[in-house]
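So the structure is just underneath, and the comments pick up after that.
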Amino acid sequence: METDDVSVREQLFHNRVRETIICVLLFTCLYMVSYLILTHFKKTAEFVTDDIEDATVNKIALWLCTFTLSVAVCAVLLLPISILSNEVLLTFPQSYYMQWLNGSLIHGLWNLVFLFSNLSLVFLMPFAYFFTESEGFAGSRKGVMARVHEAVVLLLLLALLVLGIVWVASALLHDNMARKSLYDLWEYYLPYLYSGISLFGVLLLLLCTPFGLSRMFSVTGRLLVKPRLLEDVEDTLSCTTFEEESLSRKLKSGSTTSCWVKLNMEAMKKEYLTVQSKRIALEMRRKASPWQRNLGYPLAMLVLLALTVMCVLMVCFNVLELLLDDTAMPRGMEDPHLGMASFSMFGSLGAAVQVVLILYLMVSSVVGFYSSPLFTGLLPRAQDTNLTQIIANCVSLLILSSALPVFSRTLGITRFDLLGDFGRYNWLGNFYIVFLYNMLFAGLTSASLIKTVTWAVQRELIRAFGLHRLPLTVSRSTVPFRLLLASGLSKIQ
């Protein structure tokens with residue numbers, strides 16, 4: 001009996017060590033990838049300076065930002081890893097090489113992401129910002145430690161302020177619970193604070209994702225070569241090249257000509273850059289193969305349209321399930337029971353589609369976030385993003401990514417219930433919030449999709465038939481469809 005107990009303890013110890021090694025390897029890989037991403041966008045002048053103190057402070061803040069970004073990437077991968085792990089265990093139930101993939105590992109990964117998300121949002125990122133902005137208290141010795149002391153004091157004051165706000169909010173909403181748990185910081189107030197942050201992230205996803213789904217078409221269109229009907233690429237390229245050379249000669253002779261030309265130099269430079277970008281796009285179109293030019297763009301647009309329509313249909317189906325079945329409500333679970341049954345009614349194919357849709361929604365939300373007028377200024381630029389912008393971007397991406405599991409489960413994109421503390425949010429059990437959230441997402445996405453598709457088709461038809469050359473006094477949006485067809489037929493003849 002004692003031998004059996006020792007063997008069980010040894011097995012538990014080996015499982016814990018194995019799970020720790022796997023998690024450390026995963027976070028190490030994500031940390032390296034995140035560091036490469038941030039070094040691509042950071043402003044090099046802030047890290048290569050004559051002031052060694054500033055360079056050291058900036059490097060420490062960059063390491064904290066790298067940790068936060070790696071946690072954000074891991075939060076994005078939580079649901080895909082969990083869904084794919086379940087399908088792998090269903091496919092190879094007795095495989096010796098898949099024994100390390102179990103529910104304990106997945107559950108521990110969810111808990112670690114929740115813990116590190118709290119740590120990054122509440123402590124690390126505020127500390128990084130205060131650390132870069134601090135100079136040390138007046139009268140103290142200058143140095144890195146003086147900045148650390150000032151940043152810690154400011155962080156403590158901020159923590160007291162935030163906890164006071166959380167206590168007041170909980171006292172207003174749950175009077176008895178708040179008074180009884182005044183000293184219960186870890187078990188009540190921090191999860192309550194993160195529940196509010198998650199609700200903010202889910203609402204931000206509700207606003208950014210529909211807008212991002214519509215913007216994905218234009219963003220993808222800029223990356224691919226668009227087919228042009230009835231257009232002579234060589235003729236258009238020669239005209240654009242001639243126009244670019246003419247503007248270049250005017251810019252070179254601007255310093256020796258009249259004052260009127262000097263006043264218009266700025267406008268001429270903008271026009272020159274526009275013509276130059278047009279010439280580069282035409283050269284790319286000429287170099288592209290017929291398959292890439294005529295098939296790549298339509299296929300990409302069809303794939304984006306299919307994914308977006310699939311998301312809307314799954315949300316509509318989830319709305320019907322919410323009205324008929326209580327199990328459609330998002331909820332938490334303690335044991336994932338991996339390898340028992342598929343989380344999709346279509347098996348492995350449906351699970352793969354769920355993973356693709358979750359990643360597609362995350363990419364769309366990021367595109368919509370950076371395309372919105374409020375957050376356009378946060379868009380990072382290669383080798384020209386200061387450290388304050390990097391901190392703001394890492395915080396924004398962590399808020400979006402940590403809310404992605406709740407967002408996907410609330411919309412019914414997947415049936416994988418939330419693990420650990422992700423399922424402890426107070427608002428998840430409110431039917432009216434979940435139902436209204438699904439209705440708003442379906443309505444906003446449908447409206448954005450219809451507007452984007454109709455305007456894109458009309459714009460491409462106008463460009464294809466040459467009607468974009470109409471004078472500005474003519475309203476191109478009111479051109480009837482008969483005129484489009486008539487113009488096209490006349491060009492063909």
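Positions are given from 1, in the same order as the sequence printed here.
Proximity of F27 to F116: side-chain heavy atoms (C-beta onward) are separated by under 4.5 Å at one or more points. Between L158 and F130 there is a side-chain heavy-atom pair separated by less than 4.5 Å.
One distance of note links CG of L397 with SG of C65; it measures 11.0 Å at 0.5 Å rounding. Once rounded to the nearest 0.5 Å, the distance linking CG of L84 with OG1 of T91 reads 10.5 Å. Interatomic distance, L89 CG to N102 CG, rounded to the nearest 0.5 Å: 8.0 Å. Here the straight-line distance linking atom CG of L357 with atom CG of L79 works out to 12.0 Å at 0.5 Å rounding. Between atom OG of residue S117 and atom CG of residue L121 there is a gap of 6.5 Å, rounded to the nearest 0.5 Å. Interatomic distance, CZ of F211 versus CG of L444, reported as 12.0 Å (0.5 Å rounding).
Contact detail for L105 and E19: the closest heavy-atom pair is N-OE2, 3.7 Å. Scanning both residues, V202 and Y437, for their nearest heavy atoms gives O-OH, 2.7 Å. Closest approach of R409 and T414 over heavy atoms only: CD-O, 3.5 Å. The shortest non-hydrogen separation linking L78 to V113 is CD1-CG1, 3.7 Å. The shortest heavy-atom contact between P405 and S401 is CD-O, 3.4 Å. Between S364 and T209, the shortest heavy-atom contact is CB-O, 4.3 Å.
Residue pairs meeting the ring pair (Phe, Tyr, Trp, His ring centres under 6.0 Å) criterion with at least one member in residues 349-371, sequence neighbours excluded, are F369-F375.
Residues passing the ring pair (Phe, Tyr, Trp, His ring centres under 6.0 Å) test with F200, sequence neighbours excluded: none. Listed by chain and number, the residues in a side chain to side chain donor-acceptor pair (under 3.5 Å) with S82 are W110 (sequence neighbours excluded).
Between Y35 and the options L69, L30, L62, a side chain to side chain contact (heavy atoms under 4.5 Å, CB included) holds for only L62. Checked options V57, T56, N58; the residue passing with I60 is T56 (criterion: side chain to side chain contact (heavy atoms under 4.5 Å, CB included)).
The ring of F123 has its center no closer than 6.0 angstrom to the ring center of F127.
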